Protein chains: 2
Amino acid sequence: MFSIGELSRRTGVKVPTIRYYEQMGLIAADGRTTGNQRRFSQDGLERLSFIRHARDLGLPLESIRVLIEMDPQNHIESHRIAAAHLADIRDRIARLQRLETELVRISESCDGGEDCSVLTAFGDHEQCSGGH
Amino acid sequence: MFSIGELSRRTGVKVPTIRYYEQMGLIAADGRTTGNQRRFSQDGLERLSFIRHARDLGLPLESIRVLIEMDPQNHIESHRIAAAHLADIRDRIARLQRLETELVRISESCDGGEDCSVLTAFGDHEQCSGGH
DNA sequence: CTTGAACCTCTAGTTACTAGAGCAATTATG
DNA sequence: CATAATTGCTCTAGTAACTAGAGGTTCAAG
């Protein structure tokens, strides 16, 4: 049986975050001591590691909740979540790359004149090339 | 003079968002009608367009506030903000690309066996290659 | 048995908005 | 000019995923 601090040390998830996950119904303590402190089993440790890793992969808690409650033999649903997340990541990369291009242009636009053209470029959409 | 709705139509910023910006001190109405409705001048329109575009570029409101309050001749500060934001964007792109690689691996890991290995891969950090 | 670390609950703050309630003002139409 | 439709007002609360702090209790070591 692990205390919440022990669990935190083993998974790298901060103590208040574990309590937050419990509140969100993603994890449950196995029980409490007479003094009302949480005690977690090995199962809890594994569950939390799962959440931790999935969060590191950028999955929102809602998707994680679905994964947790899912039948492990349900291929379709887990593949769907993975594919949706991948598409989302790719979309975000594409958008950020467009911003990067734009920011490079803005950063290079200043010729050192009186008023800084970096500043005006931040506000002027006319100068933009790609659609953002 | 524009009503808040007119301003919204011309800039593409939603009405409640304009009020929110006002509350945050980023924009101010020129005054109010006798019936307490906001009226904005051309200046307000331009200010809001600036904010809109800077937000589209992904700048946080705090940076925008700094830009707005800045002397337009202050090259150093505007260049610094642009450079910091560019570095931030590049960092995010790099991290997302690492996630992309990982998710592709996870998506391809399933061989159709009893329990779906996409599901287990979400929880198992051991299988990961790059550091995330 | 005492002390200090770890634990408890609860509230509020973060970012950038969005949604809704309940009411007042403005504008368009008959 | 009266009425109806639209737009506006303020205020509160909700979103995601936590983090920080207050104020108090329990646990483990010596």
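Note on naming: letters A, B, ... go to the chains in the order of the sequence lines (proteins, then strands), and numbering restarts at 1 for each one. Treat the numbers as computed from the prediction; the structure is a model and nothing was measured.
- Remark: A:Thr34 is not in phosphate contact with D:dT26, judged by side-chain N or O atoms under 4.0 Å from OP1 or OP2.
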Result block: side-chain N/O donor-acceptor pairs under 3.5 angstrom for residues 16-29 of chain A, not counting sequence neighbours:
| from | atom 1 | to | atom 2 | distance (Å) |
| --- | --- | --- | --- | --- |
| A:Glu22 | OE1 | A:Arg38 | NE | 3.0 |
| A:Glu22 | OE1 | A:Arg38 | NH2 | 2.9 |
| A:Glu22 | OE2 | A:Arg38 | NE | 3.1 |

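- Of the charged side-chain nitrogens involved, none lies within less than 4.0 Å of a carboxylate oxygen, so that A:Arg98 and A:Glu102 do not count as a salt-bridged pair.
- Between the P atom of D:dC18 and the CE atom of A:Met24 lies a distance of 11 Å, rounded to the nearest Å.
- In this structure, A:Lys14 does not reach the D:dC18 phosphate: none of its side-chain N or O atoms is under 4.0 Å from OP1 or OP2.
- No donor-acceptor pair closer than 3.5 Å links the side chain of B:His75 to the backbone N or O of A:Ser117.
- Taking a cutoff of 4.0 Å between a charged side-chain nitrogen and a carboxylate oxygen, A:Arg47 and A:Asp43 do not qualify as a salt bridge.
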Under 4.0 Å protein heavy-atom contact, by nucleotide of nucleotides 8-16 of chain D - B base, S sugar-phosphate only: SSB------
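- One can place CZ of A:Phe2 at 15 Å from P of D:dA28, the figure rounded to the nearest angstrom.
- In the hydrophobic clustering of this structure, A:Leu57 groups with A:Met70; members are Ile, Leu, Val, Met, Phe, Trp, Tyr whose side-chain heavy atoms approach within less than 4.5 Å, directly or through other members.
- Here the P atom of nucleotide D:dC27 and the CE atom of A:Met1 are 15 Å apart, to the nearest Å.
- Sorted by first and then second residue, the ring-ring contact (aromatic ring centres under 6.0 Å, His included) pairs with a member in residues 95-123 of chain A form an empty list; sequence neighbours excluded.
- The phosphate of C:dA16 has neither OP1 nor OP2 within less than 4.0 Å of any side-chain N or O from B:Tyr21.
- Regarding B:Ile18, its CD1 atom lies at a distance of 12 Å from the P atom of C:dC17, rounded to whole Å.
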